[in-house]
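Chain letters run A, B, ... following the sequence lines, proteins first, then strands; residues in each count from 1. Everything quoted here is computed from the prediction, not taken from an experiment.
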Amino acid sequence: DAGVIQSPRHEVTEMGQEVTLRCKPISGHNSLFWYRQTMMRGLELLIYFNNNVPIDDSGMPEDRFSAKMPNASFSTLKIQPSEPRDSAVYFCASSWGIRYGYTFGSGTRLTVV
Amino acid sequence: GQQLNQSPQSMFIQEGEDVSMNCTSSSIFNTWLWYKQDPGEGPVLLIALYKAGELTSNGRLTAQFGITRKDSFLNISASIPSDVGIYFCAGHRGRGGGADGLTFGKGTHLIIQP
């Protein structure tokens, strides 16, 4: 089991550019979560999917953020246009239900300059 | 979104000492989880608690689900250098097997002095 796989591990981009973060959940998990981690705000839930369907996107900060899950093995988080305040570590996690915990990926460290 | 109140924010201890940290909330959670995060990595699940009053151990780690369902505690006995990291509590409100988002505390930084 390779775990939750995120790419890229690091991304540096200029303000105004589009950024796409990718996640491959653990095979068989039916829920996928996107979190953002900053020093000031800690770990914040952005959006989550159950069976590829977005359930709650109330944590998405602005319309510049969008997430998709076209199939059970792939999800993307897109920021367009990016701003310096979007700089953070973005984590993807997957789960087969709360009793089994959530497994996190290693994260994507995004820096917008 | 709502945050859990986790304390202490950081701990400087000597190797071999016991460690205690806790998490409180103004509202009820039905599941409490404790995670550890190493630098450059994602959080890793340590212990999960599903019932009020439950006490669960994982090696040198022991965690408890508070009776009020508004708090949880994590203890680490006889700390070793590899215990260094950030420990997060997380609460989950959903009942049954459904997967909803977790609410996280801001973490406790554990630093072990030689």
Side-chain angles (χ1 to χ4, degrees), chain A residues 2-7 9-10 21 23 25-26 28-61 67 69 88-109, chain B residues 1-7 9-10 21 23 25 28-51 54 56 58 61 63 65 69 72 74 85-109:
Chain A
V4 176
I5 299 173
Q6 291 187 246
S7 64
R9 286 298 307 269
H10 302 273
L21 312 181
C23 176
I26 291 175
H29 282 189
N30 62 349
S31 296
L32 183 140
F33 308 83
W34 283 100
Y35 280 85
R36 178 171 68 175
Q37 185 177 37
T38 60
M39 288 291 291
M40 290 297 296
R41 299 174 67 88
L43 277 159
E44 301 175 282
L45 177 65
L46 300 177
I47 184 172
Y48 74 92
F49 298 81
N50 282 347
N51 298 313
N52 312 339
V53 176
I55 302 300
D56 184 356
D57 65 354
S58 59
M60 297 284 259
M69 192 165 185
V89 181
Y90 290 81
F91 287 103
C92 175
S94 70
S95 172
W96 178 237
I98 186 58
R99 288 204 72 84
Y100 306 96
Y102 297 1
T103 303
F104 282 79
S106 296
T108 295
R109 180 174 293 278
Chain B
Q2 179 184 0
Q3 291 272 349
L4 299 175
N5 299 311
Q6 188 172 348
S7 66
Q9 195 171 23
S10 58
M21 59 190 78
C23 227
S25 170
I28 287 171
F29 286 96
N30 291 305
T31 302
W32 283 91
L33 304 131
W34 285 91
Y35 282 84
K36 181 185 181 226
Q37 186 176 24
D38 291 326
E41 297 297 329
V44 174
L45 182 64
L46 298 174
I47 291 180
L49 302 153
Y50 304 109
K51 275 175 52 176
E54 181 180 353
T56 297
N58 178 7
L61 276 62
F65 191 144
R69 292 195 280 159
S72 181
L74 175 69
I86 306 174
Y87 292 79
F88 292 97
C89 62
H92 182 264
R93 287 205 172 79
R95 285 203 170 273
D100 301 323
L102 294 174
T103 301
F104 280 86
K106 285 204 168 181
T108 295
H109 292 240

Worksheet item: Hey, are the side chains of A:Tyr35 and B:Pro43 touching, using non-hydrogen atoms and a 4.5 Å cut-off?
Response: no
Worksheet, complete the sentence: Scanning both residues in full, the closest heavy-atom pair of A:Arg9 with B:Gly40 reads NH2-O, 2.7 Å
Fill in: Where A:Leu45 and B:Leu102 come nearest, the two heavy atoms and their spacing
CB-O, 4.4 Å
Worksheet item: Which one, A:Gln37, A:Arg109, A:Met39, leads in non-hydrogen pairs under 4.5 Å with chain B?
Response: A:Gln37
